[in-house]
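Predicted, not measured: the structure shown is a model, and the values here were computed from it. Chain identifiers are assigned alphabetically (A, B, ...) following the order of the sequence lines, protein sequences preceding nucleic acid strands; residue numbering begins at 1 within each chain.
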Number of protein chains: 2
Amino acid sequence: MVRIAREKRHTLLKKRIEENPFINDEELAEEFSVSIATIRLDRMALGIPELRIRIKQRAQASLPQHHLVQVVGELVDCIVGKSALSILTATEDMVDSAHIVQSQFLYAQANSLTRAVLNLPVCITTVGNIKYKQPVTVGDKLVAKAEVIRQRDQKYYVWVTIRKKAKEVFRAKFIMESLE
Amino acid sequence: MVRIAREKRHTLLKKRIEENPFINDEELAEEFSVSIATIRLDRMALGIPELRIRIKQRAQASLPQHHLVQVVGELVDCIVGKSALSILTATEDMVDSAHIVQSQFLYAQANSLTRAVLNLPVCITTVGNIKYKQPVTVGDKLVAKAEVIRQRDQKYYVWVTIRKKAKEVFRAKFIMESLE
DNA sequence: CTTTGAATTATGACCAAGTACTAATAGTAC
DNA sequence: GTACTATTAGTACTTGGTCATAATTCAAAG
């Protein structure tokens, strides 16, 4: 049946292009043993843009992310001065060669959430203590909770725990200082 | 003098393209009030590739970064098991609204340098203590030095100090654990 | 076995953003 | 004015496509 062959080709094609966005129609045609015209019809049908557009999109996606450093992860709840929650899903680019998420990303999630919960115009992290209790890997959904424990003068003591499901995988204590 | 005008155009052109790599020769020609041919000669002289190549390079640069030990900053010296040095120049996207570099970037520099100096196939940061002593701003050249202080079984104790010129601005202590 | 209709392939015109090269012209320096 | 460089103009060719149309293949239905 031709129908099935085409549908199969469509899904394979999609996967192939996702896998290697730098492949052109000619190479695709060869790989799938069909004509270039067919590949183009397939791309149309699948709404996949041409090579140059694909490349451009990738290039643009990697451009100046100005708001990079608001909160690492998604801020889902925040009571300023009290507590806040953020969720971060670990991705491939956070891991080391052993596929374990590097501590700096957990640190970034924890510290940026701390800044969010304090919401001070100017504040710096003067002290940080972290404990990475359980290795985290790609795909893990990390829920961070920050709590403001104490305030003394310009100093704020904040505790953060990051959980993967019910399990605590990371914890941090920060002393933040507010400046004028 | 034509010479000066051209040299000036060259430096401006270079800057313009770095600023916006998605600009084509036609637009550049208009901006500089010269012909497209001139822009092309200029690009040749400066060794700047054509638009599509530039875009492609950007796209590729953002691709599979599965490096061995990625160090935040530039690794300038490394005696595995002993000590290592890296240099990071603070950029605009590291700062908060008060233009102070956020601690997570110093943490990332320190922690990634620690991984580099240990150079273990699999290792995780179990404990980290940091102190951010002096605010750092854009353009500051940060020199990080990591030293392996002690090793006990699978545990490594590493101290890192980050200096801005002679002044220590950040320090960190890590306990790293090697896994099989 | 022929017909039908979808799927595929072929073909040609066109486009963007170039390269590579040559020839002409403008501008200045001496 | 002549020399020389910088700039501009122009042509042919390339890649990796779009878009539209026509021709062909091929399996299933009548």
ask   = How about Gln151(A) and Tyr156(A): does a side-chain donor come under 3.5 Å of a side-chain acceptor?
value = yes

message = How many whole angstroms separate atom NZ of Lys8(B) from atom C1' of dA6(D)?
response = 17 Å

task = May I ask you to say what Ile36(B) touches in the nucleic acid, namely base, sugar-phosphate or nothing, with a heavy-atom cut-off under 4.0 Å?
result = nothing

ask   = Does CD in Glu31(B) sit with more than 12 non-hydrogen atoms of other residues, nucleotides or ligands closer than 6.0 Å?
value = yes

query = Quick one: does NZ or CZ of Arg9(A) land under 6.0 Å from the six-membered ring centre of Phe32(A), within 45 degrees of the ring axis?
reply = no

Between P of dA16(C) and CG of Leu28(B), the distance in whole Å = 17 Å

query = Which parts of nucleotides 15-22 of chain D does protein reach within less than 4.0 Å, heavy atoms only, written one letter per nucleotide 5' to 3' as B for base, S for sugar-phosphate only and - for none?
reply = BBBB----

key: d(CD1, Ile39(B); P, dA17(C)) in whole Å   = 15 Å

request  = With heavy atoms under 4.0 Å as the rule, sort Leu41(A) into base, sugar-phosphate or nothing.
outcome  = base

message = Before we go on, tell me: are the rings of Phe174(B) and Tyr132(A) under 6.0 Å apart, centre to centre?
response = no

query = Roughly, in whole Å, what's the span from CZ in Arg9(A) to P in dA6(C)?
reply = 17 Å

key: Whether Arg171(A) side chain and Val160(A) backbone form a donor-acceptor pair below 3.5 Å   = no

task = Please determine if a side-chain N or O atom of Thr38(A) lies less than 4.0 Å away from the OP1 or OP2 oxygen of dT9(C).
result = yes

query = Is the backbone N or O of Pro49(A) less than 3.5 Å from a side-chain atom of Arg54(A), with the two atoms forming a donor-acceptor pair by type?
reply = yes

